[in-house]
Structure formats: structure tokens, C-alpha cells
Amino acid sequence: MQYWLFKTEPHCFGIEDLKKAKNQTTSWDGVRNYQARNFMKAMKCGDLGFFYHSGKNPEIIGVVEIVKEAYPDHFAWDMFNEHFDAKSTPEKPLWFMVDVKLAEEFKEPLSRKRLSAELALADMELMKKGSRLSVQPVSKEHFDYIMKIALHK
DNA sequence: GCCAACGTTGGC
DNA sequence: GCCAACGTTGGC
């Protein structure tokens, strides 16, 4: 069992969109970064990930569960999709996505400010300056630590 | 709005 | 294969 973090701009696809989605499940498509893609390929059903809003009010607002392991991101084949990439084809898919389902919405979101006050999280990928990875692994220690804060509130 | 960090592109 | 230029991300 591994832990992850999914970043998203709330006005693009936020927790409200996920809540409204069928079965509160969505495909995590549109990732066009090799490192992030490789992390998605490593995900297993049942793995958990934080749902993070970037932007004006950065915060972790919940937890999602991987419910479908990596499969080709067909949006990359659609010329009219904003994430179209001619290098990817149905025969040789380059980009992949997973399906995630809302597992838990925190009663109170954990703001980045709140998280950065925690020394124990200083070496977390998310908290590193200049970290732009939209899909990233989270250690069990960091995951548990953050869950403890979230549930304690 | 600013700017640092990072990934990608393309000339050589 | 190097690296400068450029575009994007994302916190502040």
C-alpha cells in the first residue's frame, strides 16, 4: 500500500467537482509530465492519496482512493482536447491515467500555511520550494502524520 | 503581479 | 550532447 498526493487547481477540477461526479469518481487525466505519469503507473487499487488544491488558497482538503490502475489517457488522442499530444497513439499510448474516488473530505481543510508550521513535514515533496510535480508520492510517515492532524480537529 | 524553479524545445 | 531561450507552475 502506497500513498500519493494529487494536485489540482480548484477552478479547473476541485473537490466540489469530485463530489458531484458519478460515484464520486473521476479519471485523473491530462497529466503530461513523465515523472507524474510514472508515479501513476505505480499506483495500485486501494492506494490512498491526498487531494490538494493549489492556487490562491492552497490546502489539502481530503483523501481519494485509487479505484482503477493506470490505463491509456485517450484524451491525448483527441485533436480538439487541450491535452492533445500527437506523440501518443492508441497503438502506442504515451500518457496514462488512473481513476480516483473520494474517500474522505476533511471537516476542516489543512491549509499549506498550517502544514508548513509542522517541522515533521519540512522534507515532504509538496513543501519543498519550487516543487511542481502534480502527482507525487507521500511517505507513510507523512501520510499518517497529516491524517492525525486532520482527524484531531 | 512577481519571480524562482523546473521542464521542454531547438540550434549548434 | 550541451545549453540558452522559452513557457509553465505555483507560492507569496
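These numbers come from the heavy atoms of this one structure, side chains and all, not from hydrogens, waters or symmetry mates. Numbered from 1 within each chain, the chains take letters A, B, ... in sequence-line order.
- Along DNA chain B, the stretch of nucleotides lying under 4.0 Å from any heavy atom of chain A spans, 5' to 3', B/dA4 to B/dT8.
- Both tests do not hold together for A/Lys41 against A/Phe39: distance to the six-membered ring centre under 6.0 Å, angle to the ring axis within 45°.
- When every heavy atom of A/Lys87 is checked against every heavy atom of A/Tyr34, the shortest pair comes out as CE-OH, 4.3 Å.
- Among the atoms of the strands shown, none is found under 4.0 Å from any heavy atom of A/Glu9.
- A pairwise comparison of heavy atoms in A/Pro72 and A/Phe96 identifies N-CD2, 3.6 Å as the closest pair.
- With ring centers used as reference points, A/Trp4 lies 6.0 Å or more from A/Phe50.
- Closest approach of A/Met43 to A/Val98, counting heavy atoms only: SD-CG2, 4.0 Å.
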